[in-house]
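All ligand and atom numbering here is 1-based and tracks the order in the structure. Because the structure is predicted, anything quoted here is derived from the model rather than measured.
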Amino acid sequence: MLAQTSIKIKVRNLFFSYAETAVLKDLTVDILDRSITAVVGPSGRGKSTLLSIFNRLWEDIPGARMKGSVHIHLDGTDRDIYHPACSLPDLRRKVGLVFQIPNPLPMSIYKNVAFPRKLAGGSSKQQVMDAVETALKQAFLWEDVKDRLREDARSLSGGQQQRLCMARALVVNPEVLLLDEPTSSLDAEATEIIEQLILSLKENCTIVMVSHDMAQVKRVAERWLELSEGKMMANGRISAPACRAR
Ligand code: ADP
């Protein structure tokens, strides 16, 4: 019997606008657990906005408004992430976001990755060190940096910086990882490493990735959804990405 695929993110009748600009208009969509879903569509259609809605990053933008509901299944429970009882720091730990341009903090490689773990509290120094090592290994970066953990993170190459940002998101064991065009500033070689990394994370994470590169979407994603005119224009399954067969 085939395993039942569960829904990780449930969006219902979502309307979103920035001051004068209506961006999403009655969007309803389900995102499956432990899948890699690509959000595609022309520029300015609300792809990045949709990611920011999944971890409430837009809330401080003056004039921005949202209507509708977003539920995410976290810690084994269905959570209305806009319910007043939903803890924002907890949500941001469970739903990590990696931006288009790598944004290391002006501190050492080690401190960059340790930072969210320390902020979460409840871990001993040794536990933080172990978590940093695990996250750097998950992000395919450990071998590159294990002997230079005290160096400034900004001394890393662009591709390494993006993997560092992935490690920083992974160190708190997120259930959902949001990736906003994570390779658009990288060269082909660095892009390939990040794509392999994304594929390796799927076992433990639900990944939602904005990409404008359809070849990449076919290599990495299993599902896609296209935004247009503020709604879901189409969605579907991608069969056997070539990259996974390697
Ligand atoms: P996409 O990711 O599809 O390119 P975005 O979600 O970035 O689209 O943007 C959707 C629309 O919202 C665009 O018209 C953009 O100019 C506008 N927008 C995005 N961010 C802001 C903001 N912080 N304030 C005002 N308008 C914004």
*For Gln100 and Ser184, test the side chains for any donor-to-acceptor distance below 3.5 angstrom and give the result as yes or no.*
yes
*Any luck finding a side-chain donor-acceptor pair between Glu151 and Ser108 under 3.5 Å?*
no
Quick one: which ligand 1 atoms are inside 4.0 Å of a heavy atom on [X]?
X     : result
Val23 : 10 (C), 11 (C), 12 (O)
Ser43 : 4 (O)
Arg45 : 1 (P), 3 (O), 8 (O)
Thr49 : 5 (P), 6 (O), 9 (O)

*asked:* Under 4.0 Å from atom 18 (N) of ligand 1, is there at least one protein heavy atom?
replied: yes
*Short check: is a protein heavy atom less than 4.0 Å from atom 15 (C) of ligand 1?*
no
*If we only count N/O pairs under 3.5 Å, is Ile61 in contact with ligand 1?*
no
*Under 3.5 Å between some N or O of ligand 1 and some N or O of Thr21?*
no
*With sequence neighbours excluded, tell me which residues meet side chain to side chain donor-acceptor pair (under 3.5 Å) with Ser48.*
Asp180
Please determine if [X] and [Y] form a salt bridge, counting it only when a charged side-chain N lies under 4.0 Å from a carboxylate O.
X      : Y      : answer
Lys146 : Glu133 : no
Arg79  : Asp90  : yes
Arg163 : Asp144 : yes
Lys8   : Glu175 : yes

Taking [atom] as the reference point, the nearest protein heavy atom with its distance:
atom                    : answer
atom 7 (O) of ligand 1  : Ser48 CB, 3.8 Å
atom 13 (C) of ligand 1 : Gly44 O, 3.9 Å
atom 3 (O) of ligand 1  : Lys47 NZ, 2.7 Å
atom 8 (O) of ligand 1  : Gly46 N, 3.1 Å

*Could Lys67 and Phe15 be counted as a cation-pi pair, given that NZ or CZ must be under 6.0 Å from the ring centre and within 45° of the axis?*
yes
*Nearest non-hydrogen atom to atom 22 (C) of ligand 1 belongs to which of Phe16, Tyr18, Trp58?*
Tyr18
*Which word best sums up how the rings of Trp58 and Tyr82 line up, parallel for under 30°, tilted for 30 to 60°, or perpendicular for over 60°?*
tilted
